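Here the structure is laid out as structure tokens; the discussion comes afterwards.
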Amino acid sequence: MKATVKADSFASRLLHWFDDHGRHDLPWQHPRSPYRVWLSEVMLQQTQVKTAAPYFERFVAALPSLQALAAAPMDDVLALWSGLGYYSRARNLHRAAQECMSAHAGELPRDLDALVALPGIGRSTAAAILAQAWGDRHAILDGNVKRGLARFHGVDGWPGSPAVERQLWVFAEQHLPHDRLADYTQAQMDLGATICTRARPSCGSCPLSADCAAYLHGRTAELPTRKPAKAVPHRQAWIMWLEDENGRVLLQKRPPVGIWASLWTLPQADDDATVADFLRAHIDGANGDGDVLPPIAHAFSHYKLDLLPRRWRGVALRSAVQDNNHSRWVAPADLATLGIPAPIRRLLEGGRPSHEEFDDPYRLL
DNA sequence: AATTCGGGGCC
DNA sequence: GGCCCAGAATT
């Protein structure tokens, strides 16, 4: 991909697609003015079109111009924003309007740096305003564009990281056409919203798929690279595999709330001393440490749990302790009839290879 | 570089 | 219930 081609085919193909399949009837497109474009761009920060559209209509009906916005009480602006979230956007919008009144003759400046200097306007929003309102030649890099470029160029790494984001800005600049900047800017966002979607993109309808690295290599499901999961707490717990003389195993029913609610599991303890306490109080014949079995790693959504099993055979409950609703001996053949957490069941049923769960909702079917 | 700000859509 | 969405400001 040469950056020096005069009319990047990326842009021309995108524009051609946009003419037939783009969104041409969004509320802020009719009429299109710098103020309305600005307002729409701010409303659409981290907010989907479907959500923002009714707020936009209500907002411009009440405050149809930058001057009206600047003169409005903050409370009125917040009332119009109420329900949209990210309320600093509304406060910044209001402040920026007033700065435009005092510093830019009552209009939005037609200058990237001057726009970025206003509160609530970053580089991408400033570029979108200039391109959409004036047709000026600036690249945007919002979530849609990041996703599209990461796929088209096969860029690995989370787009939120500065290094990847820098690379994506370079690509975005390289693809810029020399005219139709407003349409081109809208086309990128429309493609991302309707074709190059996060999950299950419609590559068969994409004007860029013939040169898309992700499509050609079957990587659309893994690009863009997802945000790295933040470190989850790591816990460990001892579990006691206690068998009586008939080979039955002692199971306990967990409380009705929390992890594995109401399921049957092996007696569990947070530390070594608690294991000893449990055995001393309830079990006859559990001498020493028992057989130490390999740890079982189990991942929950919010923490990881290492289960450390130990096994004792030929033990019995102390006579003072009875079988009851929360504790019972279970024959191996009866395990199938009980609700038992998967890792515990695998342990008890003899360590068949664990089935790797695919928990990724965005995978290709 | 990581966190915060929010409500809704989607799986 | 988590992750993401036309991000920007703050720490």
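In what follows, every chain begins at residue 1, and chains take the letters A, B, ... in the order their sequences are listed. Computed from a prediction, not measured in an experiment: that's the story for all the values here. Hydrogens, waters and symmetry mates are skipped; everything else that's a heavy atom, side chains included, is used.
Between A:Y184 and A:P177, the shortest heavy-atom distance links the atoms CD2-CD, 3.4 Å.
Within the model, atoms CG of A:L66 and CG of A:L108 stand 5.5 Å from one another, a figure rounded to the nearest 0.5 Å. A distance of 4.5 Å separates CD in A:Q132 from CE in A:M189, rounded to the nearest 0.5 Å. The distance from atom OH of A:Y55 to atom OG1 of A:T47, rounded to the nearest 0.5 Å, is 9.5 Å. Note that NZ of A:K146 is 14.5 Å distant from CZ of A:R151, once rounded to the nearest 0.5 Å.
The P atoms of C:dA6 and B:dA1 are separated by 24 Å, rounded to the nearest whole Å. Spacing between B:dG6 and C:dG1 at atom P, rounded to whole Å, works out to 24 Å. Comparing C:dA8 with B:dG9, their P atoms are spaced 23 Å from each other, to the whole Å.
Among the protein residues, A:E165 comes within range of no part of the nucleic acid, since none of its heavy atoms lies under 4.0 Å from any strand.
What separates CD of A:Q188 from P of C:dA6 is a distance of 13 Å, to the nearest Å. Rounded to an integer number of Å, the gap from A:R91 CZ to B:dT4 P is 17 Å. Whole-Å rounding puts the A:K227 NZ to B:dT4 C1' distance at 11 Å. Remark: C1' of B:dC11 and CZ of A:R198 are 8 Å apart, rounded to the nearest angstrom.
Proximity of residues 23-49 of chain A to DNA chain B (heavy atom under 4.0 angstrom from any strand atom) is restricted to A:Q46, A:T47, A:Q48. Listed in residue order, the members of residues 125-149 of chain A having a heavy atom less than 4.0 Å from DNA chain B come to none. Of the residues in residues 76-90 of chain A, A:G83, A:L84, A:G85, A:Y86, A:Y87, A:R89 come within less than 4.0 Å of DNA chain B through at least one heavy atom, sorted by number.
No side-chain donor-acceptor contact under 3.5 Å links A:N92 and A:R89.
When the side chains of ILVMFWY residues are joined at heavy-atom separations under 4.5 Å, either directly or via intervening members, A:L78 and A:L84 end up in a single hydrophobic cluster. Cluster membership for A:L176 and A:L112, using ILVMFWY side-chain heavy atoms within less than 4.5 angstrom, is not shared.
For the pair A:E99/A:H94, no side-chain contact is recorded, criterion being any heavy-atom separation below 4.5 Å from C-beta on.
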Atom pairs and distances, side-chain donor-acceptor, residues 267-276 of chain A, under 3.5 Å, sequence neighbours left out:
from   : atom 1 : to     : atom 2 : distance (Å)
A:Q268 : OE1    : A:R254 : NH1    : 3.4
A:D271 : OD1    : A:A273 : N      : 3.1
A:D271 : OD1    : A:T274 : N      : 2.9
A:D271 : OD1    : A:T274 : OG1    : 2.7
A:D271 : OD2    : A:T274 : OG1    : 3.4
A:D272 : OD1    : A:R310 : NH2    : 2.3

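For the pair A:R328 and A:W264, the distance from NZ or CZ to the six-membered ring centre is under 6.0 Å and the angle to the ring normal is within 45 degrees.
In this view, A:D76 satisfies the side-chain hydrogen bond (donor to acceptor under 3.5 Å, both in side chains) rule with no residue, not counting sequence neighbours.
Counted within 6.0 Å of CZ on A:F18, heavy atoms from surrounding residues, nucleotides or ligands total more than 12; the atom is thus considered enclosed.
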What does the list of N/O pairs under 3.5 Å between the protein and nucleotides 9-11 of chain C look like, with a distance for each?
from  : atom 1 : to     : atom 2 : distance (Å)
C:dA9 : OP1    : A:G120 : N      : 2.6

